[in-house]
Structures are given as C-alpha cells and as structure tokens.
Amino acid sequence: MTAPDHGARAARSGSTRRQFLLGGAVAGVGAAAAIGADTALNASADQPPSAPLNGDLTVPFHGAHQAGIDTAAQAHGLFVALDLHDGTDRADLTRMMRILTDDAARLTQGVPALADSEPELAAAPARLTVTFGFGPRFVERARGTGPDWLRPLPSFSIDRLVPELGDGDLLLQIAADDPLTVAHASRMLLKDTRSFASVRWTQQGFRRAHGTVAPGTTMRNLFGQVDGTTNPAPGTPDFDRVVWAGEGWLAGGTGMVVRRIRMDLDTWDELDRGGREQSVGRYLAVGAPLTGTDEFDEPDFAATTAIGFPVIPEFSHLRRARSENPDERIFRRAYNYDDGGAGAQVSDAGLIFVSFQADVDRQFVPLQRRLDQLDLLNQWTVPIGSAVFATPPGCGEGGFIGESLLT
Ligand code: HEM
C-alpha cells in the first residue's frame, strides 16, 4: 500500500506496520491469540482487497533531506516554536536532538515513541512528517557558524508583528493527514523537550482533508484563491536548485520562513469578483492568469485591454511576486488558519505562509521587499508573525537531525 504518487517521497507498505502490531500481540498475549489475530486480519484474504486506509500511509523519515519539505503537503500542519532554557548547552542540544529524532523516526512509521503514553494513537501515521528547524540562538549554543541569513527578517512597512507570534530557537513542523495523529506526535515530542526548552508559540494550519479533492490539486486559501500554482516541482533539478543549501553544516538542508499573515475576510467581502481577480491577477474559478484559461497558462504581462491598460495589473500580486531575477524564487508550502470570530468581527483567519529556499537573503527578502513596495493584496493582508529557521539536512538510520552541526 503506497501513498498516492504525487510527492517526491514514496510511502512504505502498510503491511510492515501490521507485522509490527502482530509482533506486539505475540509478545503480549501468546502465539495462539496472535494466530487468531492474524486470521482476523486476513479474514478477507479471498475477497478483493479493500481500499487502503489513509491512516496507514507513511513517509520515509531517513534520507538526505528532512521529510516535510518535498513531501506533498498533508492536510494538517502544526508549527511549534520553542525557546531554549538558559542553561541548555551544546551537549544538551545533542541529547535533545537524538531523543527527538528517535521519537520522530518511530512516530512517522506508525510506531509508538519510547514510553509513549498513548501508543494506540501512534498506529495511524497518516503520512506524518516531523521537520526540525534551528533558530539563530540554537546555532549559537551549538557553537556553529552561519548561515549569514539566519536572523530575523528586515522589517517591512506592511508588518504589524506581534513578538509572541514570531522567532524562536527550535521549530517543529508536524504535518499529517489526520489531526489526531498531529496532536499525538506533538505531545510526544514536546514532552521530550521539557528539560531543554519551553513552547514560545504554536500555530495550527489546514488544507483540504485528504481525499476531498484529487491528489495534486493546488490548494485554495481562505480568499478562495488557488494558491501555490507557480512553485518549483519537488524532484526536479529546478526544485533542488531553489531549495537545498549546498554548503557547510546546512548542506542538504534549507532555509525556512514562517510568516503568519492575517487575511481580512470581512473587508475582502466588500470587493466584487472582478476586483478580487484584479488584485491577484488570476481568475478565481480555476486560478488561470487573467490572460489565459488554464491554471498553468503562462501569464502575458504585455497584454493590454482595449483602452491600453495591462490586463494583469502592475499592482497585482502575481505581477509583483514574479521577479525578473531568476535567483529570487522560493518554494511555498502554506497552510490556512482560522481562529474563529469575536464580537462584530466574523473571522480571524489567514495564511501560515511557509517558504523554503536555500538562501533567505538572496531569494526571499527581495521578493518580500517588492511586495512591501506595491501589491494590491496588501489592502487585505497583514503579516503579524515572522520567523526564520535553518532546516538541517536529513539523517540516516542511527544518525540524528542536526548531527552535521552538533558533531
Ligand atoms: C496572505 C498572503 C498571501 C496570499 C493570500 C497570497 C496568494 C497568492 C496567490 C493567489 C498567488 C497566485 C497563484 C500561485 O502561483 O500560487 C500567489 C503567487 C505567489 N505568491 Fe503569494 N500570497 C501571499 C503572500 C505571499 C508572500 C508573503 C510571498 C513572498 C514574499 C508570496 C510570494 C508569491 C510568489 C513567489 C508567487 C508566484 C508568482 C509567480 O507566478 O511567479 N506570496 N500568491
């Protein structure tokens, strides 16, 4: 049983997990009961196989890169940033990352963490991935150097940042197609960080539930826009060039920007459909550029209307977010958030904007600067949280995430 083939990472067979569970049964209740369990599990062996359960699907944990970056985005994403305790030193960081790596390696494969308090909740990994990011202070305490861009972003005029929603020393991105799986993984991991760090902020995001739309469908944000069309495709040389860092301890890792951007749905409501489409430069129906009919049609920025105005306005998000400079490209992997309304305000919602790029200063900052200077979408969007992390490379069996920095 494998995950739908729309991510770069193949999913492993669910039968391994079943064998593991059966192994547990043998140890716990004896062979006779285990044989009974096997019979029950195989009761339908002579019938056509039933549809695989989404919960059984796994994403490999070990590899050159951490999972959760080139993985087709799961339905639920949890972002937790931690602050290191004052005394946490290099040896502590090594210990913590060894423990967290072990937890993540188990949980992502449907195996309970060591001393898992609710092992049953680990049984449905649902494409769980755990991705670790290091903030500036983590690297400092690890006595590492670089990368140069690992610091808070420069301030932008559109920013209304709330300190409690930004920065942090260690980031956990925990994502899966099932929210209970995410909650359990988060709890197991956070319990093991207690001696070293405390939670600074938590942000919970979502996309369409698994199976609601065809695999590979570009997500929609809460403005109703198709969001993520122009993005490097995982598994291509283009993606590798944009995303993976090549030097120092971060080689095989990447830079991660997390921005919490509030979207004012209440004032967006006041805009007619034409205005909405002009603000981004794409049609809402299928996400096609205003000069095309298909989502993936190339926009024609030179096309003009009968009275000589550009069809895709100069102030549109599409126009502004596309730089002439081929270096200024990023890989976006955002999640929606919705915290519900309060009083007269019907909604408190937006985007957990997440982008991965090899060099934040060279690729992300110039783009954000262009959007800061001009982007009609700024009328309805406000960045309220911002953080930058260095996401180290993956590790092999027996290794741990962060080993290139800590050993
Ligand atoms: C709430 C805030 C935002 C919303 C609602 C939003 C929405 C969109 C939409 C609908 C598109 C067009 C479809 C697509 O290609 O994905 C798009 C494209 C894009 N956005 Fe955003 N975006 C937001 C923030 C940002 C930020 C902060 C950045 C980077 C600094 C960014 C960078 C881009 C890029 C690079 C593209 C592709 C442009 C191209 O076609 O070359 N966006 N965005």
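Order of appearance sets the numbers: ligands from 1, and atoms from 1 within every ligand.
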Asks: Given a threshold of 2.8 Å, state how many protein N/O/S atoms are nearer than that to atom 21 (Fe) of ligand 1.
Replies: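 If we list every protein N, O or S atom nearer than 2.8 Å to atom 21 (Fe) of ligand 1, we get 1.
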Asks: Output the distance between atom OG (Ser186) and atom CD (Gln173), rounded to the nearest 0.5 Å.
Replies: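 One gets 13.0 Å once the value is rounded to the nearest 0.5 Å.
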Asks: Output yes when Lys191 and Asp103 qualify as a salt bridge under the 4.0 Å nitrogen-oxygen rule, no when they do not.
Replies: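 Looking at Asp103 together with Lys191, the answer is no, because their closest N to O distance does not fall below 4.0 Å.
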Asks: Between Thr229 and ligand 1, which residue portion shows a heavy-atom distance shorter than 4.0 Å: side chain, backbone, both, or neither?
Replies: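 Both parts.
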Asks: Using 4.0 Å as the upper bound for N to carboxylate O, is an ion pair formed by Arg259 and Asp159?
Replies: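 The answer is yes: the pair qualifies as a salt bridge.
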Asks: Check whether Phe353 forms a cation-pi arrangement with Arg332 (NZ or CZ under 6.0 Å from the six-membered ring centre, at most 45° off the ring normal).
Replies: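 Cation-pi check for Arg332 and Phe353: fails.
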Asks: One thing to verify: whether Glu314 and Arg370 come together as a salt bridge, which I'm taking to mean a side-chain N less than 4.0 angstrom from a carboxylate O.
Replies: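 No, Arg370 and Glu314 are not salt-bridged.
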Asks: When you look for heavy atoms under 4.0 Å from ligand 1, do you find them on the side chain of Thr230, its backbone, both, or neither?
Replies: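 Thr230 to ligand 1: contacts from backbone and side chain alike.
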Asks: Enumerate the residue pairs fulfilling ring-ring contact (aromatic ring centres under 6.0 Å, His included) with a member in residues 115-170, sequence neighbours excluded, ordered by first and then second residue.
Replies: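 As it turns out, the ring-ring contact (aromatic ring centres under 6.0 Å, His included) pairs with a partner in residues 115-170, which skip direct neighbours, are Phe134-Phe138.
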Asks: Can Asp266 and Ser347 be counted as having a side-chain donor-acceptor contact under 3.5 angstrom?
Replies: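 The criterion, which ignores hydrogens and geometry beyond distance, is satisfied for Ser347 and Asp266.
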Asks: Give the atoms of ligand 1, by number and element, whose distance to some non-hydrogen atom of Val226 is under 4.0 Å.
Replies: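 Contacts of ligand 1 toward Val226, numbered from 1: 10 (C), 13 (C).
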Asks: Report yes if some heavy atom in the side chain of Glu118 is under 4.5 Å from a heavy atom in the side chain of His184; otherwise report no.
Replies: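 Yes; the side chains approach each other to less than 4.5 Å.
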Asks: Please work out, at 4.0 Å between heavy atoms, whether the side chain, the backbone, both, or neither of Arg282 comes within that distance of ligand 1.
Replies: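 Looking at Arg282 and ligand 1, just side chain atoms fall under 4.0 Å.
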Asks: If you take the nearest heavy atom of each of Arg320, Arg322, Glu328, which one is closest to atom 41 (O) of ligand 1?
Replies: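 Selected option, by shortest heavy-atom distance: Arg322.
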Asks: When only distance counts, is Ile261 in polar contact with ligand 1, meaning an N/O pair under 3.5 Å?
Replies: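 It does not: no N or O of Ile261 is found under 3.5 Å from an N or O of ligand 1.
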Asks: So, does Gly228 sit close enough to ligand 1 that a heavy atom of it is under 4.0 Å from the ligand?
Replies: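 In this structure, Gly228 qualifies as a contact of ligand 1 - some heavy atom is under 4.0 Å.
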Asks: Atoms of ligand 1 less than 4.0 Å from Gln225 heavy atoms?
Replies: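 Here the atoms of ligand 1 in question are 5 (C), 7 (C), 10 (C).
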Asks: Determine whether the side chain, the backbone, both or neither of Met263 has a heavy atom under 4.0 Å from any heavy atom of ligand 1.
Replies: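 It is the side chain that touches ligand 1; the backbone stays farther off.
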Asks: To the closest 0.5 Å, what do you measure between CZ (Arg273) and CG (Leu284)?
Replies: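 Arg273 CZ to Leu284 CG: 4.5 Å, rounded to 0.5 Å.
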Asks: Quick test of your reading of the model: are Arg106 and Asp102 salt-bridged, counting only N-O distances below 4.0 Å?
Replies: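 Answer for the salt bridge query: yes.
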Asks: Can you list the atoms of ligand 1 that are under 4.0 Å from a heavy atom of Leu318?
Replies: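 Every atom of ligand 1 under 4.0 Å from some heavy atom of Leu318: 39 (C), 40 (O).
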